[in-house]
Amino acid sequence: MASSTADRLAKLQAMRSSRRPVLYDGAKGVFLSPRLPDVGKTPSDLTEWLNLLAPKTVRQAHRDYIEVGSQIIQTNSFNGNRFRLEPHGLVSRLEELNLLAAQVAREAAGDSALVAGVLGPSGKLLSMDSVSREALVEAFAEQARALEKGGVDFFHVETMSDIDEAIAAVEAIRAVSSLPVALTMSFDSGKAEAGLRTMMGVS
């Protein structure tokens with residue numbers, strides 16, 4: 001019998017409470033990008049295309065991670081917000097793409113692993129007025145809504161460099177979901193005297 005949402009949330013809480021390390025999966029782009037030509041795309045295209053055109057390929061990437069011990073896998077939705085999808089003509093399929101990302105991961109995970117619904121950066125800069133905060137919140141909310149509908153166990157806002165964008169993403173998720181949220185930033189040690197900071201200077 002498949003585990004319920006409540007069972008999986010209890011499992012997540014147990015992981016959070018434990019002092020034992022939890023094994024996450026790794027980058028999927030390394031494995032998925034070379035498969036894009038199989039569906040008529042180039043390796044530089046978004047791997048999210050594979051959710052639509054080759055879900056079995058995405059499912060296998062998830063299963064490969066689970067087979068080597070991953071306790072949590074991430075959805076193939078890093079670029080799943082409207083700002084990232086728009087240049088590739090995928091905005092009209094945003095909900096479908098994110099829904100499939102979650103459903104494929106959920107199917108691969110079964111009772112063996114938890115599924116993190118991934119939201120990556122928008123590629124827009126609040127500090128440069130290239131996007132409004134309201135538009136960011138709306139974009140992250142529509143992505144989160146589709147990921148939850150597809151069956152994720154929690155959300156992972158990741159690889160953020162702008163703290164204001166990160167907060168907007170969390171606020172967006174909270175507007176549409178009560179699932180737990182993890183947030184990670186991307187830091188660069190380029191200038192030792194400046195300390196560890198993100199591209200946008202967040203310490």
Side-chain angles (χ1 to χ4, degrees), residues 2-16 24-25 28 46-52 55 58 62 72-109 113-127 130-186 200 202:
S3 60
S4 67
T5 300
D7 291 336
R8 295 194 301 270
L9 285 175
K11 186 175 182 179
L12 177 60
Q13 183 56 46
M15 288 180 178
R16 293 171 64 190
Y24 220 153
D25 66 1
K28 281 175 291 301
L46 301 182
T47 61
E48 284 79 1
W49 272 111
L50 295 172
N51 298 342
L52 303 167
V58 180
H62 290 314
I72 300 173
I73 57 172
Q74 296 180 315
T75 55
N76 182 39
S77 57
F78 181 80
N79 296 297
N81 64 74
R82 63 170 45 251
F83 299 110
R84 292 283 195 182
L85 297 178
E86 187 172 22
H88 300 269
L90 281 170
V91 171
S92 64
R93 304 187 73 177
L94 184 151
E95 181 178 10
E96 178 188 10
L97 182 151
N98 283 284
L99 184 66
L100 281 169
Q103 289 174 335
V104 168
R106 175 82 273 144
E107 181 182 338
L114 298 179
V115 176
V118 167
L119 293 86
S122 66
K124 301 291 184 179
L125 295 175
L126 279 165
S127 60
S130 64
V131 67
S132 70
R133 192 175 188 284
E134 292 74 18
L136 269 186
V137 171
E138 182 180 346
F140 287 129
E142 65 183 349
Q143 184 183 8
R145 194 179 291 111
L147 289 170
E148 180 169 18
K149 186 177 179 182
V152 302
D153 298 311
F154 69 100
F155 294 99
H156 185 176
V157 178
E158 64 148 309
T159 321
M160 289 288 176
S161 61
D162 182 345
I163 192 66
D164 291 325
E165 181 179 25
I167 291 170
V170 173
E171 180 181 312
I173 293 168
R174 277 289 157 264
V176 299
S177 175
S178 60
L179 290 178
V181 181
L183 167 65
T184 52
M185 308 288 286
S186 180
M200 298 301 292
V202 179

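As the structure is a computational prediction, the values presented were derived from the model and not from experiment. Computed over heavy atoms, backbone and side chain alike; hydrogens, waters and symmetry mates excluded.
- Annotation: the span from R93 atom CZ to E95 atom CD amounts to 12.5 Å, rounded to 0.5 Å.
- P180 and F154 get closest at one heavy-atom pair: O-CB, 3.3 Å.
- For T75 against H62, the heavy-atom pair with the smallest separation is CA-CE1, 4.4 Å.
- To the nearest 0.5 Å, atoms CG (L114) and CG (D7) are separated by 11.0 Å.
- Taking OG of S77 as the reference point, atom CG of L99 lies at 11.5 Å (rounded to 0.5 Å).
- Between K124 and D162, the closest side-chain pair of non-hydrogen atoms is not below 4.5 Å.
- By the neighbour-count criterion of 12 heavy atoms within 6.0 Å, atom CD of E96 is densely surrounded, having more than that number from other residues, nucleotides or ligands.
- Between atom CG of residue N79 and atom OG of residue S122 there is a gap of 11.0 Å, rounded to the nearest 0.5 Å.
- With 3.5 Å as the limit, one finds a donor-acceptor pair spanning the side chains of N76 and T47.
- Of the candidates R16, K11, R8, D153 forms a salt bridge (Lys or Arg N to Asp or Glu O under 4.0 Å) with just one, namely R8.
- Within 6.0 Å of atom CD in E142, more than 12 heavy atoms from other residues, nucleotides or ligands are found, so the atom counts as buried in its surroundings.
- R82 and A139 get closest at one heavy-atom pair: CG-CB, 3.7 Å.
- A donor-acceptor contact shorter than 3.5 Å links the side chain of R174 to the backbone of L179.
- Taking every heavy atom of both residues into account, A144 and V176 meet most closely at CB-CG2, 4.0 Å.
- A169 and V157 make their closest contact through CB-CG1, 3.8 Å (heavy atoms, listed as atom of the first residue, atom of the second, distance).
- Counting heavy atoms from C-beta on, the side chains of L119 and L147 come closer than 4.5 Å.
- With a 4.5 Å cut-off on side-chain heavy atoms, F155 and V170 do not count as touching.
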(request) Would you please test E165 and L136 for side chain to side chain contact (heavy atoms under 4.5 Å, CB included) and show each step? (result) CA-CA 7 Å; E165 181 179 25; L136 269 186; 3.9 Å; yes
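- Distance NE2/H156 to CD1/I72: 9.5 Å, rounded to 0.5 Å.
- At distances below 3.5 Å, at least one donor-acceptor pair connects side-chain atoms of N81 with backbone N or O atoms of P121.
- With respect to R84 and E48, no salt bridge is recorded, no charged nitrogen being found less than 4.0 Å from a carboxylate O.
- A side-chain donor from one of Q143 and N98 sits under 3.5 Å from a side-chain acceptor of the other.
- Across every non-hydrogen atom of F78 and V118, the tightest pair is CA-CG1, 3.8 Å.
- Rounding to the nearest 0.5 Å gives a distance of 12.0 Å between CD of E158 and CE of M185.
- Q103 is not listed as a side-chain neighbour of N51, based on a closest heavy-atom distance of 4.5 Å or more.
- Within the 4.5 Å cutoff, no side-chain heavy atoms of L100 are placed close to those of P55.
- The closest side-chain heavy-atom distance from Q74 to Y24 is below 4.5 Å.
- Side-chain contact between E171 and F140 is absent, with no heavy atoms from C-beta onward closer than 4.5 Å.
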